[in-house]
There are 2 protein chains.
Amino acid sequence: MESEANDARTRVLNLAERLFGERGYAAVTLRDIAGELGMRQASLYYHVPGGKEQLFVEVTERGLLRHQAGLEAAIAAGADLEARLKGAARWLLSQPPVNIGRMVHSDMPAIGKEHADRLIDVSFQCLLLPLARELMAAEARREISSQQPVLLAASFINIIEGLWSAGGGRPVPVTNEEMADELIRVLLDGMRPRPSKESGVE
Amino acid sequence: MESEANDARTRVLNLAERLFGERGYAAVTLRDIAGELGMRQASLYYHVPGGKEQLFVEVTERGLLRHQAGLEAAIAAGADLEARLKGAARWLLSQPPVNIGRMVHSDMPAIGKEHADRLIDVSFQCLLLPLARELMAAEARREISSQQPVLLAASFINIIEGLWSAGGGRPVPVTNEEMADELIRVLLDGMRPRPSKESGVE
DNA sequence: GTCTATAAAGGGATAGAC
DNA sequence: GTCTATCCCTTTATAGAC
């Protein structure tokens with residue numbers, strides 16, 4: 001039972017996932033990974049005989065499957081839609097980033113087509129579907145009116161992961177979690193003031 | 001007056017901007033660019049003596065300045081906030097993508113610090129500020145209540161540009177422009193049904 | 001499991017012919 | 001303005017020692 005094992009291979013995969021997630025496939029070299037682990041580039045081939053591409057595919061798929069579990073758990077734990085979205089956002093922000101836009105347009109073209117096709121498929125199943133299903137369920141419960149649940153799910157992920165670069169690389173005075181909560185409030189109730197709740201404006 | 005000149009240098013810059021915008025700095029080689037233009041890699045140095053990095057910095061900055069002009073024009077042309085946001089979205093979707101997240105975390109670390117710092121600065125001035133200013137103006141007009149205009153501006157750009165990869169690389173049955181309109185509607189009025197307008201639900 | 005050594009290919013950059 | 005030729009470095013990957 002090496003489920004949470006901190007063996008050498010797991011350390012390789014964890015670091016590779018973080019670096020690939022931050023910089024993308026092309027911008028990370030095997031030397032970068034080995035260097036940060038205090039080993040030589042060639043040593044990585046003992047743990048991942050398939051080399052860079054296998055390493056990328058393996059950690060990407062592993063990360064996506066973990067996201068599926070984390071998102072579904074976060075959604076299941078929430079009492080209402082708002083709590084579920086906040087839980088999903090917290091989960092996403094607790095994990096190494098999965099820049100889906102860069103994956104599709106930059107990373108996928110650099111790897112084998114079969115690998116790319118499967119990763120595209122897994123991203124859809126693991127990231128978009130859990131959120132889209134919750135949005136569809138919420139619509140069935142009349143909590144929201146949503147024409148495009150899959151689109152909204154994709155945008156939700158974009159928004160939350162985009163927080164890592166909101167401010168355009170400048171420091172911001174609030175935490176990602178606070179920003180996520182504010183954005184979820186906007187998504188649910190809109191930027192326009194709601195005249196219903198209290199008495200109106202102010 | 002070579003303002004819209006289709007000379008060789010402009011073709012180089014235009015293609016470079018598109019490729020860098022799509023795949024990022026590390027994933028684009030000078031041979032890619034030259035190849036699509038039917039020339040040799042070495043020939044690029046006639047037009048851009050500074051090589052790959054100068055080429056990237058130049059087209060990135062040029063694109064950001066064009067975005068500033070386009071965004072400000074689109075915002076100025078709109079009658080109300082909704083029209084202005086839709087105009088800004090149309091503009092963004094009409095241009096080569098500017099993946100700000102990838103730029104910050106992947107492209108910037110690969111180029112010289114002075115270049116990176118300036119590009120960060122220019123992105124803020126050209127992309128975030130025009131939208132953030134409009135959001136602040138709209139707040140002053142009491143059209144919206146927004147605690148974090150810069151954050152909202154960044155998320156707006158993330159959402160719109162994220163449409164290029166919404167669906168996770170799968171084909172979607174609606175255009176980016178239709179999706180943008182729907183998302184702007186959500187940002188303004190929220191996903192929750194508004195009980196004020198007519199009589200309530202349905 | 002990790003190392004050294006090295007092959008093979010890719011990519012940025014320069015020199016000089018045309 | 002574009003070419004060929006070439007240099008040099010980086011990167012992936014393999015072979016084999018320890």
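For clarity, every value in this text was computed on a predicted model and none was experimentally measured.
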Rounded to whole Å, the CE-P distance (B:M39 to D:dT2) equals 4 Å
Here the distance between atom P of D:dT12 and atom CD1 of A:I111, to the nearest Å, is 15 Å
Is it true that A:D32 and A:T29 share a donor-acceptor pair across their side chains at a distance under 3.5 Å?
yes
Here the distance between atom P of C:dA13 and atom CD1 of B:I33, to the nearest Å, is 11 Å
Of C:dC3, D:dC3, C:dG12, the nucleotide closest to the side chain of B:T29 is C:dG12
In whole angstroms, the gap separating P of D:dT10 from NZ of B:K52 amounts to 15 Å
**Asked** Do the rings of B:F20 and B:Y25 sit parallel, tilted or perpendicular, given the 30° and 60° boundaries?
**Response** parallel
Closest to the side chain of A:A8, out of C:dT2, C:dC3, D:dG1, is C:dT2
Only one of B:E161, B:R90, B:R66 passes side chain to side chain contact (heavy atoms under 4.5 Å, CB included) with B:Q95, and that residue is B:R66
OG1 (B:T10) and CG (B:L15) are apart, to the nearest 0.5 Å, by 12.5 Å
Among C:dA13, C:dG1, D:dA13, the one nearest any side-chain atom of A:Y46 is C:dG1
note: A:D32, atom CG; D:dT11, atom C1'; distance rounded to Å ~ 10 Å
Tested for side chain to side chain contact (heavy atoms under 4.5 Å, CB included) against B:F56, the lone hit among B:V28, B:V48, B:L119 is B:L119
Quick note, salt bridge (charged side-chain N to carboxylate O under 4.0 Å, His left out) partners involving residues 45-54 of chain A, not counting sequence neighbours, are none
- Query: So what does A:V28 hit on the nucleic acid, given a heavy-atom distance under 4.0 Å: a base, only sugar-phosphate, or nothing?
  - Reply: sugar-phosphate
TODO: Verify salt bridge (Lys or Arg N to Asp or Glu O under 4.0 Å) between B:D117 and B:K113, making sure each step is shown before the conclusion.
DONE: CA-CA 6 Å; B:D117 287 346; B:K113 190 176 182 312; 2.6 Å; yes
Separation of C:dA13 atom C1' from B:E53 atom CD, nearest Å, is 13 Å
The nucleotide from D:dT2, C:dG12, D:dA13 with an atom nearest the side chain of B:H47 is D:dT2
> Does A:S43 place a side-chain N or O at less than 4.0 Å from the phosphate oxygens OP1/OP2 of C:dG1?
Replying inline: no
To the nearest angstrom, the OH-P distance between A:Y25 and C:dG10 comes to 14 Å
Between CD of B:Q54 and C1' of C:dG12 the distance, given in whole Å, is 14 Å
Reckon B:R31 has a side-chain N or O less than 4.0 Å from the OP1 or OP2 of C:dG10? no
For nucleotides 14-18 of chain C, print each protein N/O atom paired with a nucleotide N/O atom at under 3.5 Å, atom names and distance only.
none

